[in-house]
Amino acid sequence: MALSNVLEIPTSGFNFENVARNVALEGLLEGGHTKTPKPMKTGTTIAGLVCKEGVVLGADTRATSGEVVADKMCAKIHYISPNIYCCGAGTAADTEKTTDLLSSNLTIFSMDSGRNPRVVMAVNILQDMLFRYRGQIGASLILGGVDCNGNHLYTVGPYGSIDNVPYLAMGSGDLAALGILEDRFKPNMEMEEAKELVRDAIHSGIMSDLGSGNNIDICVITKQGVDYIRPYQESEYKDKRQKRYKYGPGTTSILTEKIIPLELEVVQETVQRMDTA
Amino acid sequence: MFATQVYGDNGKMKEYHYTGPVEHRFSPYSFNGGTVLAVAGEDFAIVASDTRLSEGYSIHSRDSPKCYKLTDTTVIGCSGFHGDCLTLTKIIDARLKMYKHSNNKCMTSGAIAAMLSTILYGRRFFPYYVYNIIGGLDEEGKGAVYSFDPVGSYQRDTYKAGGSASAMLQPLLDNQIGFKNMEGVQHLPLSQEKAVQLVKDVFISAAERDVYTGDALRICIITKEGIKEETVPLRKD
């Protein structure tokens, strides 16, 4: 009874209500010579690895909209449950909403069963949803968490594929980050060494990939708890300009001025004493 | 690596749906990024460009300046498709030599601009994918900036930004040099120090928000004494 409101099973097969609407809208908008709004992608570097005491996740903080940087300090490591965090790459709205939905569902489950969710459960729910939408949801996710069965790291692709590996990287900077991880990863690493390795992997993605940049966030999940360090390392490039560009009052020209006095009439008057002792 | 099939031919991320077998056309052009800027003063001209050469989401080089010295009084900034930038500058250099040998004098900035317009229009139906800006001193020794479009339309300006971050820089220059949209502000003539300071600040802003601009800034200052070059580091991420 309780589990039926955890997973909302769709009525039949694939739900493509919005695809038909989008196609129609596009046709309408193109005819009117306006462009459909481009979704903001995160053009990202995200990485994760399993170490002796837990899981370390890392991400950069740049969100791009085409070639323009839309957000210089965007949070790509999302909270799923007290013992599971998820890094997201791909379309920003998709990663946000998918992880929010997953988090809500797992909270209901936790309240119902009285225990923390297991990472495999989160992975299965994600996989179900992404496969159902046949890749229309552009979210590539790295899930990391610690539960009663140990430390886990999974990746879920936009079409619903999963992979259970000790270390991985996703996003447009994944090849650069993976180079560093392949070189220095060892099983059962110490925590400090693992944090440094993830930082170096994300840093390499930031320097080599134009879609990643700015600061580095790290999330460390252990049996004792979670350490979400944001930012773990601030970008060393500060925008120090030589001149201050401030405008004095009166710089913006006032073209017309229209003053409309509001006519108010007193309808009711009440007096309430305040205790000012 | 399963993530690589997510990238299209131009290096950008593909849309996430499978539309069946797609025929890929060969495109002779590619966009290598970069921003160029030129400012003309009373007796000086400044041509500045960033030094990043990119393609898709990767960086080819962090030290590829886009300002090319043509004569002692003219510098050209070219951004767009790097292959066409290189060929175009070679052609201009050759034509400058030919002019010098036939007419026994160097080409003036205005003459170079007029010649470039003809060269570009000669390829009207297979254009050079280059955004050009020429900065230099005219015959009277005053600063001159000529800005072009890829097929040769040009005009003389006081200041102009071109390339990937041009849309971000041009309004800022309109406000700071042209004093547009401001009231009650003194219209002081632009001094060389202020112009260089402004160019540096403006490129720092461009590097913050444009992914194709960054690494370093190369500034060429043209005065009657000659051409001075300055390099300033920018964001590398």
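Naming: A, B, ... by sequence-line order, numbering from 1 per chain.
Counting heavy-atom pairs closer than 4.5 Å to chain A, the top residue among B:Val211, B:Leu198, B:Thr213, B:Val202 is B:Val211. Between chain A and the options B:Lys194, B:Met168, B:Gln176, the largest number of non-hydrogen pairs under 4.5 Å is found for B:Gln176. Ranking B:Pro233, B:Ser205, B:Ala207, B:Gly184 against chain A, the residue ahead of the rest is B:Ser205, based on heavy-atom pairs under 4.5 Å.
Residues A:Arg241 and B:Asp201 are not paired through a salt bridge, judged by the lack of any N-O separation under 4.0 Å between the basic side chain and the carboxylate. Between B:Arg235 and B:Asp237 there is a salt bridge, with a side-chain nitrogen of the basic residue lying less than 4.0 Å from a carboxylate oxygen of the acidic one. Salt-bridge annotation for A:Arg184 and A:Asp200: present, with a side-chain N of the basic residue lying under 4.0 Å from a carboxylate O of the acidic one.
For B:Ser164, the parts lying near chain A are the backbone and the side chain together; criterion is any non-hydrogen pair under 4.5 Å. With a threshold of 4.5 angstrom between heavy atoms, B:Asp210 approaches chain A through its backbone and through its side chain. Of the two parts of A:Thr251, the backbone and the side chain both hold a non-hydrogen atom closer than 4.5 Å to a non-hydrogen atom of chain B. Both the backbone and the side chain of B:Lys236 have a heavy atom closer than 4.5 Å to some heavy atom of chain A.
Taking NZ of B:Lys142 as the start and CD of B:Glu42 as the end, the distance is 6.0 Å to the nearest 0.5 Å.
For B:Asp174, the CG atom sits in a packed shell: over 12 heavy atoms of surrounding residues, nucleotides or ligands are nearer than 6.0 Å.
Ring pair B:Tyr128/B:Phe81: centre-to-centre distance not below 6.0 Å.
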